[in-house]
Amino acid sequence: MSNEKIDHDRLFKELLSTFFEEFILLLFPHAHEHLEFSNLRFLSEELYSDVTTGEKYRVDLLVETKMRGETGLVIVHVEPQSYVQKAFNERMFIYYSNLYQKYRTQILPIAMFTYDTPRSESNTFSIQFPFADILQFQYQIVEFKKHHWRDYVRHDNPVAAALISKMGYTDGERIEMKKEFLRMLIRLELDPARMSLVTGFFETYVQLDETEEQQLKEEVSALNPKEGEKIMEVMTSYERRGREEGVREGKIKVAKNLLEKQMDESFIREVTGLTKEEIRGLKNE
């Protein structure tokens, strides 16, 4: 699948909307210690216009929660970035300013850099004079290519399973990486819809050819019989259902979860790609 045809934002929104706590636990464990996850609320997308350029920007994911033991709200803003963009730091600050103006509460800004190009820029935006420092804004970052997939395969976390496909690896590690991904799925024991979501994400970015798939099956058969049989069941089941059907099951599961959280239909359509009629049909089930 060509990079241009992949809707990166939607893939990440689906993953994070379903496994938001697991995402924070995996990549921001210190924040996880302080945030409350029992009553998350996904907010409608915010659209901002840049009056200087005439461009419009959309905030990708906003989650409302609380600090543990406190009453004040916290807004977590997650921005997946799939390509290099000039003035990105400034844009993150503008997002932060607009969000703070609207919600007047604590905001945790996170940028996830999912592209393959090494990044050398800082994660700060500052305004200074020779005689005074006026502003120093800093956001949290994840640069997936600076993480190595092997460091995450022991995590029993569905987000880790999905995201190793975006981490650092060599072509010669692709077969082994998928084998370890399947072993993670077995340990996680996800329901079919969530398994389809995680598997669909992984295979969007890591697709083995027929020769590699055959080698993978040979390596899986060499594992201990109990584990090997479970993995082969997952592989066979996934192939039988077909990738498109499996991914659709995942989208429907995400939509149902967001409907339970009383999210706007527009947000659910943006995250899942389902139509108005499909979402309203789910409401009537």
Side-chain angles (χ1 to χ4, degrees), residues 1 6-27 37-42 60-61 63 78 80 112 114 152-153 155-166 178-208 220 227 229-285:
M1 181 181 297
I6 298 174
D7 190 341
H8 302 280
D9 288 349
R10 179 173 293 167
L11 283 169
F12 276 90
K13 286 177 188 177
E14 289 177 3
L15 185 69
L16 270 58
S17 296
T18 305
F19 301 110
F20 184 75
E21 180 177 1
E22 291 87 344
F23 163 72
I24 296 295
L25 175 61
L26 179 71
L27 296 169
F37 295 93
S38 58
N39 292 297
L40 296 177
R41 189 164 76 94
F42 290 84
D60 280 320
L61 190 67
V63 184
V78 183
M112 301 190 304
T114 64
Y152 290 86
V153 294
H155 290 262
D156 292 332
N157 185 315
V159 175
L163 289 180
I164 61 173
S165 63
K166 292 298 294 174
K178 185 166 181 179
K179 180 177 68 177
E180 293 301 329
F181 165 75
L182 292 167
R183 298 178 80 179
M184 293 175 78
L185 284 185
I186 297 304
R187 296 199 308 271
L188 288 168
E189 298 183 339
L190 300 172
D191 62 73
R194 285 183 169 84
M195 182 176 290
S196 293
L197 174 62
V198 172
T199 305
F201 187 102
F202 179 91
E203 294 211 348
T204 296
Y205 295 107
V206 180
Q207 296 181 13
L208 305 186
V220 168
E227 184 180 30
E229 287 174 9
K230 287 184 177 180
I231 292 176
M232 289 303 296
E233 286 176 10
V234 170
M235 294 174 69
T236 303
S237 174
Y238 189 65
E239 290 172 357
R240 185 174 63 247
R241 288 198 310 271
R243 286 174 171 77
E244 291 184 3
E245 180 183 349
V247 170
R248 178 172 172 76
E249 288 178 5
K251 291 177 185 293
I252 290 173
K253 184 71 173 182
V254 171
K256 287 181 176 179
N257 288 339
L258 294 177
L259 284 170
E260 290 176 0
K261 297 171 183 176
Q262 299 182 331
M263 288 301 307
D264 292 341
E265 284 187 20
S266 60
F267 178 80
I268 299 174
R269 291 201 308 273
E270 176 68 25
V271 169
T272 64
L274 299 178
T275 65
K276 287 182 180 180
E277 291 72 21
E278 288 172 324
I279 293 170
R280 288 170 184 171
L282 294 176
K283 279 185 174 181
N284 297 327
E285 287 184 357

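Side chains are part of it too, since the values below use all heavy atoms of this structure and drop only hydrogens, waters and symmetry mates.
Rounded to the nearest 0.5 Å, atoms OG1 (T272) and CZ (R10) are 7.0 Å apart. One finds the NZ atom of K13 at 13.5 Å from the OG1 atom of T18 (value rounded to the nearest 0.5 Å). Taken from CD1 in I186 to CD in E229, the straight-line distance is 11.0 Å, to the nearest 0.5 Å. In this structure, CG on L182 lies 11.5 Å from CZ on R187, to the nearest 0.5 angstrom.
Here the side chains of K178 and E203 are in contact, with some heavy-atom distance below 4.5 Å. Side chains of L16 and M112 form a contact here, defined as non-hydrogen atoms less than 4.5 Å apart. Residues V78 and V63 form no side-chain contact, since every pair of their non-hydrogen atoms from C-beta on lies 4.5 Å or further apart. Side-chain contact between L163 and L15 is present, with at least one heavy-atom pair separated by less than 4.5 Å. Looking at V206 and I164, their side chains never come closer than 4.5 Å, going by heavy atoms from C-beta outward. With a 4.5 Å cut-off on side-chain heavy atoms, E14 and F201 do not count as touching. Using a 4.5 Å heavy-atom threshold, the side chains of F19 and L197 count as touching. At least one side-chain heavy atom of P158 sits less than 4.5 Å from a side-chain heavy atom of L190.
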Kindly determine whether F37 and L25 satisfy side-chain contact (heavy atoms from CB on, under 4.5 Å), including the steps that lead there.
CA-CA 11 Å; F37 295 93; L25 175 61; over 6 Å; no
Between F202 and V198, does the side-chain contact (heavy atoms from CB on, under 4.5 Å) criterion hold? Intermediate values first, please.
CA-CA 6 Å; F202 179 91; V198 172; 5.6 Å; no
For the pair L26 and Y152, evaluate side-chain contact (heavy atoms from CB on, under 4.5 Å) and give the outcome as yes or no after the intermediate values.
CA-CA 9 Å; L26 179 71; Y152 290 86; 3.7 Å; yes
Could you go through the side-chain contact (heavy atoms from CB on, under 4.5 Å) check for L274 and L282 one step at a time?
CA-CA 11 Å; L274 299 178; L282 294 176; 4.2 Å; yes
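Shortest non-hydrogen contact noted between A161 and F181 is O-CD1, 3.3 Å. Scanning both residues, L258 and S17, for their nearest heavy atoms gives CD2-CB, 4.3 Å. Smallest separation of non-hydrogen atoms from M184 and N157: CE-O, 4.2 Å. S165 approaches A162 most closely through the heavy-atom pair OG-O, 2.7 Å. In terms of heavy atoms, I268 sits closest to L259 at CD1-CD2, 3.5 Å.
Looking at K230 and E233, no side-chain N of the basic residue comes within less than 4.0 Å of a carboxylate O on the acidic one, giving no salt bridge.
Checking side-chain atoms of T199 against main-chain N and O of S196 turns up no donor-acceptor pair under 3.5 Å.
Other residues, nucleotides and ligands contribute at most 12 non-hydrogen atoms within 6.0 Å of the CG atom of N39.
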